[in-house]
*Asks:* 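My questions all concern the structure below.
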Protein chains: 2
Amino acid sequence: MDRDLGSVAERCRAQGLRMTGPRRVIAEVLDRSVDHPDVEELHRRVSEIEPRIALSTVYRTVRLLVEAGILERHLFNDGRARYENADHEHHDHLIDMTTGNVIEFRSPEIEELQAKIAESLGYRITGHRLQLFCVPMKDRGRRRTVTKRD
Amino acid sequence: MDRDLGSVAERCRAQGLRMTGPRRVIAEVLDRSVDHPDVEELHRRVSEIEPRIALSTVYRTVRLLVEAGILERHLFNDGRARYENADHEHHDHLIDMTTGNVIEFRSPEIEELQAKIAESLGYRITGHRLQLFCVPMKDRGRRRTVTKRD
DNA sequence: GTATTTGCAAACGCTTTGCCCACGA
DNA sequence: TCGTGGGCAAAGCGTTTGCAAATAC
């Protein structure tokens, strides 16, 4: 599913961003993160590598990376913003309300319907947000899915 | 499209909520609002009727009404929460990024697909959020749509 | 009468910012 | 060297809360 556009650091360079010490560490953490961490969680992970990096630096950097299209910002239902490497195909999110886990999914059919709806209202879609808030089925015959924490 | 379950005040009573002065005014404002005002906007409208009602009272009341299922809370992309009378059929939102206007739409087809996706992942949907962020088409042949402000 | 609700101001959680020093190119 | 980035602490913003006085039932 991932597109491999290179590491976060590489894409930063490609955008002409200065690669400072803190940015390198943050980029590394992002490369290793397959989930949807919030800023505090990122800072926690960054601090394990280099404890002197300030929370505000993480805030400034994620903002920068979102603006550069290197990161995606998501707003689920818990006040804080969560971030995800933009190095992947578009997908939407299913949130397991019992655990907070987030599962990614893709639906070209839904996307087509969205475009049709917008068009019929005289609009062109520039972005969308689709989130399914769910609870596990009391299920017989459990499936195997790749559920990423958070 | 609306279901007419009665006024907000009536539904409050039905839930056994105490009808105080401030709540009556807030309920009245909500009955008259066909858009998606945030708390400050609600407070502004409330203040025109009764200037002594505190902002915190509006916050407390909308929270109460959401919990009672009388109001719906929406989070679009501008930090604050917006509220809408729950006295209507379910719908999703198209946000005009050039004006901030919000258009409501319904798509049973999309909803069915959502349910299928969730089910295939072993989940049951308890809620969802679908928002289309759009810009107007440079259009010949404009349609007539009911576009509610905000 | 008694528990609930209000207004006010202070606190809150997340995020941004001003300042001045440190650092990358 | 020169301009950009970082650390720190303070401010910002939307929202919640503690408290004493006011009010619904």
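Atom set for the values below is all heavy atoms of this structure, side chains included, hydrogens, waters and symmetry mates excluded.
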*Asks:* Can you pull out how bent the helix from C/dG1-D/dC25 to C/dA25-D/dT1 is, comparing the axes over its first five and last five pairs, to 10°?
*Replies:* 30°

*Asks:* Figure out the CZ/P separation between B/R73 and D/dG14, and round it to whole Å.
*Replies:*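 Roughly 15 Å, once rounded to whole Å.
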
*Asks:* Transitive ILVMFWY cluster of B/V66 at side-chain heavy atoms under 4.5 Å: who else is in it?
*Replies:* B/V8, B/L17, B/V25, B/I26, B/V29, B/L30, B/V39, B/L42, B/V46, B/I49, B/I53, B/L55, B/V58, B/Y59, B/V62, B/L64, B/L65, B/I70, B/L71, B/Y83

*Asks:* When the nearest nucleotide of DNA chain D is assigned to A/L55 and to B/L75 on a heavy-atom basis, which residue is associated with the more 5' position?
*Replies:* A/L55

*Asks:* Mind checking side chain to side chain contact (heavy atoms under 4.5 Å, CB included) for B/R52 and listing every partner two or more places apart, or none if nothing turns up?
*Replies:* B/E50

*Asks:* Go through the structure and list residues passing ring-ring contact (aromatic ring centres under 6.0 Å, His included) with A/H43, not counting sequence neighbours.
*Replies:* none

*Asks:* Going 5' to 3' along DNA chain C, between which two nucleotides do contacts with chain A fall, using a heavy-atom cut-off of 4.0 Å?
*Replies:*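 Taking any atom under 4.0 Å from a heavy atom of chain A, the span is C/dC14 to C/dA25.
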
*Asks:* For A/R82 and A/D38, indicate whether the former's side chain and the latter's backbone hold a donor-acceptor pair under 3.5 Å.
*Replies:*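 No.
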
*Asks:* In Å, rounded to the nearest 0.5 Å, how long is the span from CZ of B/R23 to SG of B/C12?
*Replies:* 7.5 Å

*Asks:* Could you tell me the separation between the CD1 atom of A/I53 and the P atom of D/dC8, rounded to a whole number of Å?
*Replies:*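 To the nearest whole Å, that distance equals 11 Å.
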
*Asks:* Could you tell me the separation between the CZ atom of B/R44 and the C1' atom of D/dG14, rounded to a whole number of Å?
*Replies:* 14 Å

*Asks:* Nearest-Å distance, OH (A/Y59) to P (D/dC13)?
*Replies:* 16 Å

*Asks:* Could you tell me how far apart A/L64 (CG) and D/dG5 (C1') are, to the nearest whole angstrom?
*Replies:* 10 Å

*Asks:* Could you check whether A/H93 and B/H128 have their ring centres less than 6.0 Å apart?
*Replies:* no

*Asks:* Going by atom types only, do B/R73 and A/N77 share a side-chain donor-acceptor pair under 3.5 Å?
*Replies:* no

*Asks:* When the distance from NE2 of A/H43 to P of D/dG6 is rounded to whole Å, what number comes out?
*Replies:*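 Between P of D/dG6 and NE2 of A/H43: 12 Å.
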
*Asks:* Could you pull out the closest heavy-atom pair between A/R124 and B/M137, with the gap in Å?
*Replies:* N-CG, 3.9 Å

*Asks:* Do A/E48 and A/R44 meet the salt-bridge criterion of a basic N to acidic O distance under 4.0 Å?
*Replies:*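 Salt bridge: no.
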
*Asks:* Can you name the atoms? Protein N/O to nucleotides 23-25 of chain D N/O, anything below 3.5 Å, with the distance.
*Replies:*
| from | atom 1 | to | atom 2 | distance (Å) |
| --- | --- | --- | --- | --- |
| D/dA24 | N3 | B/R18 | NH1 | 3.2 |
| D/dC25 | OP1 | B/R13 | NH2 | 3.2 |
| D/dC25 | OP1 | B/M19 | N | 3.1 |

*Asks:* Tell me whether A/S33 contacts the main-chain N or O of A/D35 through its side chain, where contact means a donor paired with an acceptor under 3.5 Å.
*Replies:*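 Flag not set: sc A/S33 to bb A/D35 has no pair under 3.5 Å.
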
*Asks:* In terms of ring plane angle, is the pair A/F76 and A/H74 parallel, tilted or perpendicular, where the classes change at 30° and 60°?
*Replies:*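 Plane angle under 30°, so parallel.
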
*Asks:* Using only heavy-atom distances, decide whether a donor-acceptor pair under 3.5 angstrom links the side-chain of A/R23 to the base of D/dG6.
*Replies:* no

